[in-house]
Enquirer: 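Pasting a structure below so you can have a look.
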Amino acid sequence: MTGTFDQVADFALRRTADQLPQSAMDAAALMMLDTMGILIASGPMEAGVIARETASVLYASTQEDFSARMMFDGRRVSMAGAAYAMATQTDNLDGHDGYNPTKGHIGVVVLPTLVALAEHCPDLTGPDALAAVITGYEVAGRAGLSLHASVDDYHTSGAWNALGVAAMAARLREHTSEQLRQAMGIAEYHGPRSQMMREIANPTMLHDGSGWGTLVGLSAAVLAEKGFTGAPAITIEAQSAASHWADLGQFWQVEHQYVKPYPICRWAHAAIDAVRAVMESNDLTHDQILSIQINSFDEAVCLFGGMPKTTSQAQYSLPFAVAVQAIYGRIGVEHISGAGLADPSVAEFMARIHTSRSKRHAERFPKGRWADVSIQTTDGRVLDSGDVHARGGPEVPFEREDVIAKYTEFAAPVVGERRANAIRTAILGWCEPTSRYSDLAQLIFHPVTR
């Protein structure tokens, strides 16, 4: 084993909850609440239904010790199958947290993994649940940085999330360092190194590969537990990877995630925020806008440009998202699905939107998500936004109450306000030393009937 792996193993397996900073614990609880809201809201959507049906058909288990229930569904499948279904479901409502340096998302796999594993940890405390959450964030995030630095292609989050999932499983299933090492090697080897820009060019339910990353990570942990071996994970053990792990246990990536105000690809958010700010500061309505010029980084400009026919296309469309925000002042699930995909007012407004690449904004990506817009009004004015960074991240953070309000907006219409409030109380209560994970477990498996 290399010194870097020893460092990772010590952190993942032996760093206790009382050795973690309160700020990281607070951030972890808030990120789990945010992710839960998106997981709940995505349940009735087509991709979630398909993922759960697939898990039921293909990924069941004959051994109760390796099974888990799917959230807000109740059917029992394998642990890996349950986590796969929930991560795939969540990934298809693009409103979950993300981390700028990795150009990807972590919470989308952490919450499903925690819930699947915790079925077999009856004495799990709230702080210990958060310690597992932090393990997932810190390991996955650094694996992502290491992978991006070692290959040319831009890979989906599932490629490196698999290692964070394996680390969580090793922690909660009390694996040895050697079992963790083998699990990491298996997870990295089989991690879905799918090319993200192919999905951007042709948006589908594949999204960010997180469902498969979760399936691989949990499968790798169980394989290692039973004695299967894997080649050492080069994203951890290669000499060139050491710098990405040097600050493990010192810098807390979980405190630096961004929260999305819109269920839209993060690359579009700066432009949405810029239009929102100009309209609010000038008291504009959409019918007073003649045209909008958007300047942003290359990846944002490459987002889907036509009127979307599917939810996937809608979530990866810059002009569609800006048009919805301009007309309705918000972007909700109803706008990116069902009748919202055939909204004639949105289709008409999209013709007024033009996009261009900005070298200045491109140079600041991926550390930042920047855009500027120029709005020409029907009365001849030209209103410029100046450079705008997407809200919700460390640069322009949300207050705690903003995140809670977002959770309620997404969760309450599906599970009802009473149940949504109880779930919120349970998750945020995990920071208390006497709290139990089971306070949440009793709320999240009964199928949604409303």
Side-chain angles (χ1 to χ4, degrees), residues 12 28 31-40 42 47-48 51-52 55 59 68 70-71 77-99 102-119 129-145 147 155-173 183-184 186-188 190-194 196 205-222 233 235 253-254 257-260 266 427 444:
M31 292 305 96
M32 289 299 91
L33 182 72
D34 182 62
T35 306
M36 182 65 83
I38 299 302
L39 186 151
I40 291 171
S42 61
R52 297 195 304 275
Y59 305 132
M70 292 185 284
M71 284 189 275
V77 294
S78 68
M79 287 189 299
Y84 155 80
M86 295 299 98
T88 299
Q89 172 178 308
T90 305
D91 205 21
N92 272 271
L93 179 54
D94 207 345
H96 44 282
D97 67 19
Y99 187 48
T102 64
K103 300 182 287 186
H105 311 274
I106 305 174
V108 59
V109 304
V110 171
L111 177 60
T113 300
L114 172 67
V115 172
L117 291 165
E119 288 248 55
L130 291 180
V133 166
I134 291 169
T135 297
Y137 272 96
E138 301 304 323
V139 171
R142 287 171 176 80
L145 294 174
L147 177 61
H155 291 101
T156 58
S157 300
W160 40 270
N161 269 336
L163 280 78
V165 169
M168 291 180 69
R171 180 186 183 92
L172 289 175
R173 294 185 70 81
M184 291 295 208
I186 298 165
E188 183 193 76
H190 289 303
R193 294 197 175 191
S194 33
M196 188 70 224
M205 293 179 186
L206 293 171
H207 272 262
D208 205 23
S210 294
W212 285 103
T214 311
L215 185 71
V216 167
L218 265 174
S219 299
V222 172
T235 51
Q253 293 188 4
V254 71
Q257 306 298 305
Y258 59 74
V259 174
K260 287 185 170 185
R266 182 67 169 175
I427 293 176
I444 59 175

Enquirer: Using side-chain heavy atoms (C-beta onward) and a distance below 4.5 Å, is T235 in contact with W160?
Expert: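 T235 vs W160: side chains apart.
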Enquirer: Working to the nearest 0.5 Å, report the span between OG1 of T135 and CG of L172.
Expert: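 Here the rounded value is 8.0 Å.
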Enquirer: Do Q257 and I106 have side-chain heavy atoms sitting under 4.5 Å apart?
Expert: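 Counting from C-beta outward, Q257 and I106 do come under 4.5 Å.
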Enquirer: Which pairs, with at least one residue in residues 208-221 and sequence neighbours excluded, count as a side-chain hydrogen bond (donor to acceptor under 3.5 Å, both in side chains)?
Expert: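 Listed by first then second residue: S157-D208.
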Enquirer: Would you say that I444 contacts M36 through its side chain, given a criterion of any heavy-atom pair below 4.5 Å between the two side chains?
Expert: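 Answer yes - side chains close enough.
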Enquirer: Can you give me the closest heavy-atom contact between A55 and G81, atom names plus distance?
Expert: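 Smallest interatomic distance, heavy atoms only, reads CB-O, 3.6 Å.
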Enquirer: Check whether any side-chain heavy atom of R193 sits under 4.5 Å from a side-chain heavy atom of E188, and report yes or no.
Expert: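 They are in side-chain contact.
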Enquirer: Which one of M184, M168, R171 satisfies the side-chain contact (heavy atoms from CB on, under 4.5 Å) criterion with V139?
Expert: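 Single pass found, and it is M184.
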Enquirer: Got a second to check how far D97's CG is from R266's CZ, nearest 0.5 Å?
Expert: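 Result: 10.5 Å between the selected atoms.
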Enquirer: Which is it for T90 and V109 under the side chain to side chain contact (heavy atoms under 4.5 Å, CB included) test, yes or no, and what are the steps along the way?
Expert: CA-CA 9 Å; T90 305; V109 304; over 6 Å; no
Enquirer: If I take atom NE2 from residue H105 and atom NE2 from residue H96, how far apart are they, to the nearest 0.5 angstrom?
Expert: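 Result: 4.5 Å between the selected atoms.
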Enquirer: For the residue pair R173 and M79, what are the closest heavy atoms and their distance?
Expert: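 Result for this residue pair: NH1-CE, 3.6 Å.
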Enquirer: Quick one: closest heavy-atom pair of L218 and A80, and the distance?
Expert: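 Closest heavy-atom pair between L218 and A80: CD1-CA, 3.9 Å.
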Enquirer: Atom CD1 of I427 and atom CG of D34: how far apart are they, to the nearest 0.5 Å?
Expert: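 Separation between the atoms: 10.0 Å.
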Enquirer: Any side-chain heavy-atom pair from Y84 and V77 closer than 4.5 angstrom?
Expert: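 Y84 does not reach V77 side chain to side chain.
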Enquirer: On a heavy-atom basis, which atom in H207 and which in M196 lie closest, and how many Å separate them?
Expert: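 Reported closest heavy-atom pair: O-CE, 3.8 Å.
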Enquirer: Does anything in residues 130-142 pair up under salt bridge (Lys or Arg N to Asp or Glu O under 4.0 Å), and if so which pairs, sequence neighbours excluded?
Expert: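 The answer is E138-R142, R142-D247.
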Enquirer: For a quick test of reading the model, state the closest non-hydrogen atom pair linking G211 to A87 and the distance between them.
Expert: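 Looking at all heavy atoms of both residues, the shortest contact is CA-CB, 3.9 Å.
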Enquirer: Measuring only between side-chain heavy atoms, which start at C-beta, is L39 closer than 4.5 Å to L111?
Expert: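 They are in contact (side-chain heavy atoms under 4.5 Å apart), so the answer is yes.
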Enquirer: Report the distance from atom OG1 of T102 to atom NE2 of H155, rounding to the nearest 0.5 Å.
Expert: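 The OG1 atom of T102 sits 14.0 Å away from the NE2 atom of H155.
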Enquirer: Any idea which heavy atoms bring P192 and V216 closest together, and the distance?
Expert: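 That closest heavy-atom pairing would be CD-CG2, 4.4 Å.
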Enquirer: Measure the shortest side-chain to side-chain distance between T113 and M86 over non-hydrogen atoms and say whether it is less than 4.5 angstrom.
Expert: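 Not touching, per the 4.5 Å side-chain cut-off.
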